[in-house]
Number of protein chains: 2
Amino acid sequence: MENTSQHSPEDLLKLENQLCFPLYAVSRMLTKAYQPYLQALDLTYPQYLVFLLLWEHEELTVKELGEKLLLDSGTLTPLLKRMEQKQWLSRRRDPRDERSVIIGLLPAGRELQKAACHIPEQLLGHMGMSVTEFEQLRTQLNTLLTRLT
Amino acid sequence: MENTSQHSPEDLLKLENQLCFPLYAVSRMLTKAYQPYLQALDLTYPQYLVFLLLWEHEELTVKELGEKLLLDSGTLTPLLKRMEQKQWLSRRRDPRDERSVIIGLLPAGRELQKAACHIPEQLLGHMGMSVTEFEQLRTQLNTLLTRLT
DNA sequence: CAATATTTAATTGCACACAACTAAACATTG
DNA sequence: CAATGTTTAGTTGTGTGCAATTAAATATTG
């Protein structure tokens, strides 16, 4: 009859009973697990996410990147400028709407995909999860993400 | 016979097939969901996590805080100094081991607990999850956290 | 016990995140 | 079409995160 979960106001305030903490911690630890692979490519984790989108779409506006990554221009503009400096991508105004900035993949950025294509498999190993567990967790998180946005 | 998950190297590089992205995004969106409640208390999210531990333990060394939150002194030291300035906690060297710094809850910090004690319930509502779902996800994340640390 | 190694915080430097604000381009509306 | 409103990036300032280094205190070891 013992219930492992505690629901009194005080117990709800314990770190171990929070959902937010494991989310926060796992997110950071997973980023850290990517580190050795990304560092070899001179990439940061959010830069890698930008590449995941550009490798698929070739060209995206800052607004579209922001919508997909849930990041605003305050984060993206400096990040994209750093990536531009490395010749990975180009930034240019859309001639049909000068408010928009189009981010385009450059050859050096396209080249990186070859070096990055095995990262997901390697990380999967790091996490030690079955494909079923993996997809279950991804589905749950995506559902939660929809509710939070 | 259709398989919704794609396992070719190219598909594994799509953002939508990553586990890391929903983790990263949910973590940030959840932090943002805490924002209005924490802002009312002049707290940031990691500062709130420090309080969750201090409300339970009263006194902890920087090392212990770091072990529990998976943060290092490079993050904690400036964060704790800001909290010290607000008179929420004290920082003093341990007389028995001058290397350690003991973080102690001050009255103003203890007071905050009263104002914060309903935050978890309110967030639970925000997430729109059943208690079962909540605990299932928390368990999965904690397992993953163990593997990653 | 002296030399060396380890532990613990603090510091430095860089890259996010994000709120708040600005400025330019475009859209709407009377 | 002029005035107003909206959209889009960029800017500024603050607060994390974290790797790498430093410095002081303690532990270990020959």
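Every chain is numbered from 1, with letters handed out A, B, ... down the list of sequences.
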Peer 1: Considering only C:dT11, D:dC18, C:dT8, which nucleotide approaches the side chain of B:Leu71 most closely?
Peer 2: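 Of the candidates, D:dC18 comes closest.
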
Peer 1: Would you confirm whether the ring centroid of B:Tyr45 sits within less than 6.0 angstrom of the ring centroid of A:Tyr24?
Peer 2: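 Yes: the rings meet the under 6.0 Å criterion.
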
Peer 1: Does C:dT11 have OP1 or OP2 sitting under 4.0 Å from an N or O in the side chain of B:Lys81?
Peer 2: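 Yes, B:Lys81 has a side-chain N/O under 4.0 Å of OP1/OP2 on C:dT11.
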
Peer 1: Respond yes when some side-chain nitrogen or oxygen of B:Gln39 is under 4.0 Å from OP1 or OP2 of C:dA19, and no when none is.
Peer 2: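 Answer is no, no contact under 4.0 Å.
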
Peer 1: Does a side-chain N or O of A:Arg96 approach OP1 or OP2 of C:dC26 to a distance below 4.0 Å, or not?
Peer 2: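 No, outside the criterion.
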
Peer 1: Starting from the 5' end of DNA chain C, give me the residue, B:Lys32 or A:Leu79, whose nearest nucleotide shows up first.
Peer 2: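 That would be A:Leu79.
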
Peer 1: Atom CG of B:Leu124 and atom CD1 of B:Ile119: how far apart are they, to the nearest 0.5 Å?
Peer 2: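 CD1 of B:Ile119 is found 13.5 Å from CG of B:Leu124.
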
Peer 1: Taking OP1 and OP2 of C:dC14, is either one under 4.0 Å from a side-chain nitrogen or oxygen of A:Arg82?
Peer 2: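 A:Arg82 to C:dC14 OP1/OP2: no side-chain N or O under 4.0 Å.
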
Peer 1: Where each residue is assigned the nucleotide of DNA chain D containing its nearest heavy atom, which of A:Thr77 and A:Tyr24 is assigned the position nearer the 5′ end?
Peer 2: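 Upstream on the strand: A:Thr77.
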
Peer 1: For a quick check, tell me whether the side chain of A:Ser73 and the base of D:dG10 share a donor-acceptor pair closer than 3.5 Å.
Peer 2: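 Indeed, a donor on one side and an acceptor on the other fall under 3.5 Å apart.
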
Peer 1: Could you tell me how far apart B:Lys63 (NZ) and D:dA25 (P) are, to the nearest whole angstrom?
Peer 2: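 Nearest whole value for this atom pair: 19 Å.
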
Peer 1: Rounded to the nearest angstrom, tell me the gap between atom CG in B:Leu38 and atom C1' in C:dA19.
Peer 2: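 My rounded result for the distance is 15 Å.
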
Peer 1: Would you mind reading off the distance between A:Asp72 atom CG and D:dT11 atom P, rounded to a whole angstrom?
Peer 2: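 Rounding to the nearest Å, CG of A:Asp72 and P of D:dT11 are 14 Å apart.
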
Peer 1: Below the 4.0 Å mark, does D:dT16 have OP1 or OP2 next to a side-chain nitrogen or oxygen of B:Thr44?
Peer 2: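 Affirmative; the distance criterion is met.
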
Peer 1: Counting side-chain heavy atoms from CB outward, which of D:dG17, C:dA9, C:dA25 is closest to B:Val101?
Peer 2: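 The answer is C:dA9, which lies nearest to the side chain.
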
Peer 1: Is the closest side-chain heavy-atom distance between B:Phe51 and A:Leu13 below 4.5 Å?
Peer 2: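 In short, these two side chains do not touch, never coming nearer than 4.5 Å.
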
Peer 1: Without swapping roles, check the side chain of A:Gln35 against the backbone of A:Leu30 for a donor-acceptor pair under 3.5 Å.
Peer 2: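 Judged by distance alone, no pair lies under 3.5 Å.
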
Peer 1: May I have the distance from B:Gln35 (atom CD) to C:dA19 (atom P), rounded to whole angstrom?
Peer 2: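 Atom CD in B:Gln35 sits about 6 Å away from atom P in C:dA19.
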
Peer 1: Provide, to the nearest angstrom, the distance between the CD atom belonging to B:Gln85 and the P atom belonging to D:dG15.
Peer 2: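 It works out to 9 Å between those atoms.
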
Peer 1: Identify which nucleotide among C:dA9, D:dG10, D:dT16 has an atom closest to any side-chain atom of A:Val62, counting heavy atoms from C-beta outward.
Peer 2: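 From the listed options, D:dG10 comes nearest.
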
Peer 1: Out of curiosity, A:Leu49 CG to B:Gln18 CD, how far, rounded to the nearest 0.5 Å?
Peer 2: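 Here the interatomic distance stands at 8.0 Å.
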
Peer 1: Output the single nucleotide from C:dT11, D:dT16, D:dT8 whose closest atom is nearest the side chain of B:Pro46.
Peer 2: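 Taking heavy atoms from C-beta onward, the closest nucleotide is D:dT16.
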
Peer 1: What is the separation between atom CG on B:Leu30 and atom P on C:dA17, rounded to the nearest whole Å?
Peer 2: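 Result: 16 Å.
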
Peer 1: I'd like to know if B:Glu59 and B:Arg92 make a salt bridge, using a cut-off of under 4.0 Å between side-chain N and carboxylate O.
Peer 2: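 Salt bridge: yes.
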
Peer 1: Please state how far atom CG in A:Leu43 lies from atom C1' in C:dA15, giving the value in whole angstrom units.
Peer 2: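 After rounding, the gap between these two atoms is 13 Å.
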
Peer 1: What's B:Thr31 touching, base or sugar-phosphate or nothing? Going by heavy atoms closer than 4.0 Å.
Peer 2: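 Since no nucleic acid heavy atom lies under 4.0 Å of B:Thr31, the category is nothing.
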
Peer 1: Where each residue is assigned the nucleotide of DNA chain C containing its nearest heavy atom, which of A:Asp94 and A:Thr75 is assigned the position nearer the 5′ end?
Peer 2: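 Between the two, 5'-proximity favours A:Thr75.
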
Peer 1: Of the options C:dA10, C:dC16, D:dG17, whose atoms approach the side-chain atoms of A:Arg28 most closely?
Peer 2: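 Given the options C:dA10, C:dC16, D:dG17, the side chain of A:Arg28 is closest to D:dG17.
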
Peer 1: Quick one: is C:dA10 close enough that its OP1 or OP2 comes under 4.0 Å of any side-chain N or O from B:Arg91?
Peer 2: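 Yes, B:Arg91 has a side-chain N/O under 4.0 Å of OP1/OP2 on C:dA10.
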
Peer 1: Can you tell me how far C1' of D:dG15 sits from OH of B:Tyr45, to the nearest Å?
Peer 2: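 It works out to 15 Å between those atoms.
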
Peer 1: Using the side-chain heavy atoms of A:Arg99, tell me which of these nucleotides is nearest: C:dT7, D:dG10, C:dA27.
Peer 2: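 Ranking C:dT7, D:dG10, C:dA27 by closest atom to the A:Arg99 side chain puts C:dA27 first.
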
